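Each remark here refers to the structure printed beneath this line.
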Amino acid sequence: MRDFWRGQASIAQFAERFTGSSDLYGDDGRTPFASVNFITAHDGFTLRDLVSYNDKHNEANQEGNRDGTDDNRSWNCGAEGRPTTPRSWRCAPSSSATT
C-alpha cells in the first residue's frame with residue numbers, strides 16, 4: 001500500500017494487497033477476510049507523518065535517530081516536514097499509480 005503511494009508498485013500490485021494478498025496467504029487456506037491492510041502503527045508514526053516525511057525524525061528521544069527502522073516507505077512529495085499552513089495535495093499520482 002505504501003509502495004503504491006510512492007509510485008513503487010503498480011495498480012495490479014495495489015489491488016492484490018488491497019483485496020487480501022492471496023498470493024502470500026492463500027496457500028495455507030486463509031481467506032481475504034483474514035487480512036488487515038496495515039498502513040500506520042500505534043508507535044507514533046501517523047498517517048500525517050506518512051505523507052509529511054521521507055526520512056525518519058526521532059530526534060526527541062535523544063537516541064541520535066538510531067532507533068527504529070529507516071524503511072518507513074513514506075513520501076512527502078518534495079516538502080519535508082509538517083506544514084505550518086494548510087496546504088492542498090501538492091503532488092500528482094506517479095505514473096505507476098495510474099497504470
Side-chain angles (χ1 to χ4, degrees):
M1 308 296 270
R2 289 182 180 192
D3 283 345
F4 177 74
W5 173 255
R6 297 182 316 143
Q8 303 296 312
S10 69
I11 191 79
Q13 291 168 314
F14 172 82
E16 186 143 43
R17 295 296 165 253
F18 191 71
T19 58
S21 304
S22 62
D23 62 319
L24 300 176
Y25 305 114
D27 290 345
D28 64 1
R30 287 187 274 178
T31 66
F33 298 109
S35 175
V36 174
N37 288 315
F38 183 77
I39 304 296
T40 61
H42 65 280
D43 64 358
F45 190 76
T46 66
L47 188 57
R48 183 177 179 183
D49 292 339
L50 184 66
V51 298
S52 297
Y53 300 102
N54 272 359
D55 302 310
K56 180 173 61 174
H57 291 277
N58 290 345
E59 294 88 1
N61 65 10
Q62 300 178 3
E63 293 186 21
N65 213 31
R66 293 182 308 270
D67 62 320
T69 182
D70 292 329
D71 186 26
N72 286 328
R73 297 185 183 184
S74 54
W75 184 37
N76 64 14
C77 300
E80 187 76 2
R82 291 188 174 188
T84 55
T85 60
R87 63 181 173 202
S88 61
W89 292 105
R90 62 190 177 285
C91 57
S94 68
S95 60
S96 72
T98 58
T99 57

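Every value quoted in this text rests on a predicted model; they were computed, and no experiment measured them. Only this structure's heavy atoms are used, side chains among them; waters, hydrogens and symmetry mates stay out.
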Revision key, fill the gap. The reported gap from CG in Asn54 to CD in Glu80 (rounded to nearest 0.5 angstrom) is 5.5 Å

Study note, to complete from the structure: Rounding to 0.5 Å, atoms OG (Ser21) and CD (Gln13) come to a distance of 11.0 Å

Point to revise | pair Phe14-Asp3: side-chain heavy atoms closer than 4.5 Å | key: no

**Study point:** Salt bridge present between Asp49 and Lys56 (N-O < 4.0 angstrom)
**Key:** no

Review point. Where do Arg6 and Ser74 come nearest, in terms of heavy atoms and distance?
Key: CD-O, 3.4 Å

